[in-house]
4 protein chains.
Amino acid sequence: MARTPRGARTRAKLLEAAEHVFATVGYHDASIVKITEEAKVALGTFYTHFEGKKEIFDEVVLDLSHRVRLTMSEASTGVADRIEAERAGFRAFFGFTAQHPALYRIIRQAEFVSPESMRKHYDNIVDGYAAGLSSARAAGEIRPVDPVVSAWALMGAGELIGMRWILWENADQIPEHVFEGLMDLIAGALAPTDTTPHEGSAP
Amino acid sequence: MARTPRGARTRAKLLEAAEHVFATVGYHDASIVKITEEAKVALGTFYTHFEGKKEIFDEVVLDLSHRVRLTMSEASTGVADRIEAERAGFRAFFGFTAQHPALYRIIRQAEFVSPESMRKHYDNIVDGYAAGLSSARAAGEIRPVDPVVSAWALMGAGELIGMRWILWENADQIPEHVFEGLMDLIAGALAPTDTTPHEGSAP
Amino acid sequence: MARTPRGARTRAKLLEAAEHVFATVGYHDASIVKITEEAKVALGTFYTHFEGKKEIFDEVVLDLSHRVRLTMSEASTGVADRIEAERAGFRAFFGFTAQHPALYRIIRQAEFVSPESMRKHYDNIVDGYAAGLSSARAAGEIRPVDPVVSAWALMGAGELIGMRWILWENADQIPEHVFEGLMDLIAGALAPTDTTPHEGSAP
Amino acid sequence: MARTPRGARTRAKLLEAAEHVFATVGYHDASIVKITEEAKVALGTFYTHFEGKKEIFDEVVLDLSHRVRLTMSEASTGVADRIEAERAGFRAFFGFTAQHPALYRIIRQAEFVSPESMRKHYDNIVDGYAAGLSSARAAGEIRPVDPVVSAWALMGAGELIGMRWILWENADQIPEHVFEGLMDLIAGALAPTDTTPHEGSAP
DNA sequence: AATGAATGAGAGTTCATTCAT
DNA sequence: GATGAATGAACTCTCATTCAT
């Protein structure tokens, strides 16, 4: 597929249109007709590029997933302090959410449409996150929490916060007090406890 | 509607069948035919009890929402210690999830089907949770976190953990280490910092 | 049917409701449910009085038909001059039309619903009309026109005039100039030609 | 729609089938299934050409309306004498009626289905007719009757006559005595009165 | 590669009618 | 006589997909 430049262009137009349509009306009300109309392409053309509705959906999910992850990792890369890295990562996530509400709308409905895609998406994000926590823990920057469980839990926290204060409010950024409230919580959850008597806590 | 006992019985059968069908195949593939077949009732009968598919969906969501909330509040009521109350509440939540996977499957797809129902559900749960955190905070049992933000965040944490280790694993209960991992995190997030020398900690 | 006073009352309520509903929404959109609701009677009760939808329709048509005819014949009875009788009859017809727009709405849709009823209705009216023309002709009050053909033609004229200026205009009476225009035409059509030296005009 | 010859052909087949089905079983019993079966086209194809049942109905009405009007005006065009023109016009109308009983069956049921279409149809015919009467009157060929009122009245007369002696009798032409009876009436209605002392009526 | 007319299974919904109460 | 829950056939309409061009 898409061996010629023209084909590649058409394909790209279809993907872009599909992301928009899926995000706007949902998977089930997203008809191929709507997608091709939005892409300004004839109906039959769709099938020269994709096998069907689910295939293009999966591609859209994959693409979105890559993009969030990239945005988040770029933001936190190189930040020495773990708590600062958390802040940077979540800021990037909320920023992406505000600019691409499609993310939520598409991911959450993937449950029934394409469970594999959905799992892959969450797994992708958690993998990076858990790795970060793991090394931070090894470095003693955070409490010895379970990195994988924590990654899932914190991702869940971020997800609902984003849904509540960005998606539902149709906001273009997270309210500052919400962000700080969440970071406060996370800091508490991960902060090395004073009771851990390392670092020469003994008098 | 349902002015006779017979009518009430039929209506109940339909609701039960609908919950099952929605949870199994999702909203869009849940046809009225499937629901009435499962309820062993004629197709037309459906429309003597419900206006349409969305109406019965909303009722199913409402019902489920009430039930989780009840289960959770019953579990944590009367537990003096806040951390213990957290444990009890989350245990109840995971238990309910394991027994009613329908909860997730139905709630998560409600995004496009019936946003109002979905919001009502989350709001319901958060309200109770935030109230609990608020009074715990007033009593000095937890750090002075933002109760509402924290409630949403912790609910999100619980949601993804449940999805990952109960739903996806098709488990009938949460693995112990996951539960403890999550509780450890939450305890850390909420635990009163030792530095605050409240409650006459000075001899 | 309707052996008790209660039964007779219920039946009457149903007929009245049916006339209204048929006239308002037409035969096909007139559901039994609507009729019984309007009559404030339970759905099943309908079937203790009528065999079905068509039966009650036929009764409504018959009833309306009788009433127009009665109104018209009462108006023209005893009027000596034929042209005056015409005026009186048409006035009565237009008056009835204005007060019972149901007449048109119901009759015109009867074409497919109940052709027999419709024919009976037209035949009824024409019979009376043609008889009047016939005797007027015998009495030399009008030209020797074909009474039956003329009755149909003039009824048709009145029907469209009523439809155009009462029904479509939602008027509560026929505009005077229209009435006079029509009567002028009819007078011309029926008036004995001056050239016919009938009735021993030559002494 | 119908951007290819094939599409145009299919569309025409559907219209023809629709006219037949509407005329045979009436609007309400004319299902899309019946129409597409008669047109030998798949069900879904219907919806690539028409928005729904009412749309195709309106097109059928419009088409029929155009055709009667054309038939009538062609017949009376160029006929000098007004009374002769009347005869020619009515003959054409009855001829059309006999060949297209669909006209009545479809128009009369339009009352509830599509009042706009029905009015447009009657207005169309009346317009032409009234114009003819108007100029005839100006030319002194007929009495100074109200052209619009008369056009409606005479159209009504023709309509019922056609219904009674063509449609109900399933005749392929109007019985001669009926036609003459009607023309006699109309001639009387329109004929210049003898009292108008033109044409040297004075001895 | 692109086009768009054609397909037909299947959806949600309505409603005249039946029948147990 | 009156009630209203239950029935199921029939309807209109949608849409993913095919295929001739």
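Letters A, B, ... mirror the listed sequences (proteins, then strands); counts begin at 1. As the structure is a prediction and not an experimental result, all values here were calculated from the model. Note that these values count all heavy atoms, side chains included, but never hydrogens, waters or copies made by symmetry.
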- On DNA chain E, check which nucleotide each of B:D29 and C:K53 is closest to and give me the residue with the more 5' one.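 On the 5' side of the pair lies B:D29.
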- Query: Which residue, D:V41 or B:R6, contacts DNA chain E at a nucleotide closer to its 5' end, judged by nearest heavy atom?
  - Reply: D:V41
Separation of [N] [atom2] from [X] [atom1] (nearest whole Å):
| X | N | atom1 | atom2 | answer |
| --- | --- | --- | --- | --- |
| D:I35 | F:dT12 | CD1 | P | 8 Å |
| D:R9 | F:dA20 | CZ | C1' | 12 Å |
| A:K13 | E:dA1 | NZ | P | 14 Å |
| A:F50 | F:dA16 | CZ | C1' | 16 Å |
| C:H28 | F:dA10 | NE2 | P | 15 Å |
| B:F57 | E:dG12 | CZ | P | 14 Å |
| C:F46 | F:dA2 | CZ | P | 13 Å |
| D:E37 | F:dT12 | CD | P | 12 Å |

- When you get a sec, tell me which of F:dT12, F:dC15, F:dG4 is the closest nucleotide to the side chain of D:Y47?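 In terms of side-chain proximity for D:Y47, the closest of F:dT12, F:dC15, F:dG4 is F:dT12.
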- Between E:dT17, F:dT7, E:dA2, spot the one nearest the side chain of A:H49, thanks.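 Between E:dT17, F:dT7, E:dA2, the one nearest the side chain of A:H49 would be E:dA2.
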Distance-only, no hydrogens or angles: does the [X] side chain make a donor-acceptor pair with backbone N or O of [Y] under 3.5 Å?
| X | Y | answer |
| --- | --- | --- |
| D:S114 | D:A110 | no |
| B:T36 | B:I32 | yes |
| D:K34 | D:D29 | yes |

- Atom of B:D58, atom of B:S117 and distance for their closest heavy-atom approach: OD1-OG, 2.6 Å
- Query: Any idea which heavy atoms bring D:I35 and D:A17 closest together, and the distance?
  - Reply: O-CB, 3.6 Å
- Item | Strand partner of E:dA5, provided both Watson-Crick or wobble distances fall under 3.5 Å | F:dT18
Describe the nucleic acid contact of [X] in one word from base, sugar-phosphate, nothing, applying a heavy-atom distance below 4.0 Å.
| X | answer |
| --- | --- |
| D:I32 | sugar-phosphate |
| D:T45 | base |
| A:G44 | base |

- Item | Phosphate OP1/OP2 of E:dG4 contacted by D:T4 side-chain N/O (<4.0 Å) |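 No, no such contact exists.
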- Between C:T10 and F:dA2, is there a side-chain N or O to OP1/OP2 distance below 4.0 Å?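 Checking C:T10 against F:dA2: at least one side-chain N or O falls below 4.0 Å of OP1 or OP2.
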- Query: In terms of the nearest nucleotide of DNA chain F, which residue is placed more toward the 5' end: B:A42 or A:L43?
  - Reply: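 Residue closer to the 5' terminus by nearest nucleotide: B:A42.
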- Item | Upstream residue (5' side of DNA chain F) when D:V33 and A:Y27 are each assigned their closest nucleotide |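 It is D:V33 whose nearest nucleotide is closer to the 5' end.
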